[in-house]
Amino acid sequence: MTGRICGTGFCVPEHVMDNEELSRMVDTSDEWIRERTGIERRRIITEETTVSMASMAAENALEDAGISPEQVDLIITASISSNVILPCTSCEVQKEIGAIRAACFDINAACCGFLTAYQTAQAYIAAGIYRTILVIGSESLSKLADWTDRGTCILFGDGAGAAVLTAGEGRSFRGVLHSDGSKGNALTCSGKFWKKDENDTGFMKMDGREVFQFAVKRVPEVIHEVLDLNDCELDDIDYFIVHQANRRIIESAARRLGVDAEKFPINLQEYGNTSSASIPILLDELRRNGMLRKGNRILLAGFGAGLSWGAGILDWTME
Ligand code: COA
């Protein structure tokens, strides 16, 4: 028994903040941001919240799947930017969408969040514990960004994506996740309640170069690892859906693997880095643009704070 994606959805805030608007806030320029990251604009919450976007993405995914909220057995939301500490985002989504039977919990695995939640859902389905699982990534990173730090605030955006998994026949693939907590200082956020000292703003802090070097090394490595683990070849993969952090990281991975860059779809120019939401947003966009065909084999790869990284493979079974 394996979990098959049978519906996807996304939701992003109305407000578009382009690089010009950002360059009036910090000492940067549209040219620098495009050249160094590929990002042109991002969505930023005004009225929206992590819960409202997660709920909307979930409703869209359920509608796409033709599944009612009452049929959902489990909701797993990946997020580092929940509205409140308690209750968890999944419980709040449950209330919003009326998924009254569902068990609920959240996962904090930063930018590997959706991948981790997806693999957790697959494990529950493989064990025969649940049959219908809603997996969501939702982030309001603008709440965690230091809007005076040009090294970080230019990178992030807000949004949510969701996928519905149902138990069915088909090939099941083993996923891979890794972490190296000793490198955790490269990307931190202590939060307003847990500031370490008076110099700690509580916002996200990052050593951009270290994270960049980590990503360009680990992404190709973990892609080879997950392919080997599942007796697959690079040529078997139709799309490599990599966490949308920086165009140069994705293009470098394609180059190092010797794979045509067209197999690495990119939408970060529109949304920036939306952490756990980036993979499901891209998945839903590809589906709505008609790019995913039944029988396509897709590789998901993530990396981020922790430091953590991982990959998974799935067969696309929707028409
Ligand atoms: N606008 C203009 N100049 C900027 C800038 C900005 N927004 N941010 C940094 N700079 C400057 C630096 O101050 C530095 O100037 P200096 O040479 O006078 O000291 C110069 O640009 C180069 O800085 P550097 O940090 O080496 O740039 P970079 O090419 O590594 O790009 C990042 C910076 C953050 C875009 C890049 O390191 C990156 O994307 N890292 C990965 C981050 C990431 O993906 N994090 C999330 C992981 S999930």
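Reckoned from all heavy atoms, side chains included, excluding hydrogens, waters and symmetry mates. These numbers come from a predicted model, not from an experiment.
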Greater than 12 external heavy atoms within 6.0 Å of [X]'s [atom1]:
X: R209; atom1: CZ; answer: no
X: R174; atom1: CZ; answer: no
X: N267; atom1: CG; answer: yes
X: K183; atom1: NZ; answer: no
X: E63; atom1: CD; answer: no
X: M204; atom1: CE; answer: yes

Check: Strictly by modelled atom types, are E139 and S276 linked by a side-chain donor-acceptor pair under 3.5 Å?
Finding: yes
Quick check: closest heavy atoms across [X] and [Y], and the distance to 0.1 Å?
X: D180; Y: W309; answer: N-CZ3, 3.7 Å
X: A58; Y: I136; answer: CB-CD1, 4.0 Å
X: C153; Y: D146; answer: CB-O, 3.4 Å

If you measure from the Lys or Arg side-chain nitrogens to the Asp or Glu carboxylate oxygens, is any gap between [X] and [Y] under 4.0 Å?
X: E70; Y: R101; answer: no
X: D64; Y: R287; answer: yes
X: E221; Y: R218; answer: yes

Next item on the list: For the residue pair F264 and F240, categorise the inter-ring angle as parallel (less than 30°), tilted (30 to 60°) or perpendicular (more than 60°).
Entry: parallel
Next item on the list: Over 60° means perpendicular and under 30° means parallel, so classify the ring planes of F105 and Y124, tilted if in between.
Entry: tilted
Checklist line | Identified side chain to side chain contact (heavy atoms under 4.5 Å, CB included) partner of Y271 from the options R42, R41, E40, E285 | finding: E285
Margin query: As a test of understanding, state which of L227, D236, V242 forms a side chain to side chain contact (heavy atoms under 4.5 Å, CB included) with L299.
Written below: L227
Next item on the list: Please answer: with hydrophobic residues joined when any side-chain heavy atoms are less than 4.5 Å apart, are F156 and W32 in the same cluster?
Entry: yes
Margin query: With side-chain hydrogen bond (donor to acceptor under 3.5 Å, both in side chains) as the criterion, how do S81 and S140 come out once you've worked through the C-alpha distance, each side chain's angles and the decisive distance to 0.1 Å?
Written below: CA-CA 6 Å; S81 49; S140 305; 4.8 Å; no
Checklist line | Backbone N/O of R36 and side chain of N246: donor-acceptor pair under 3.5 Å | finding: yes
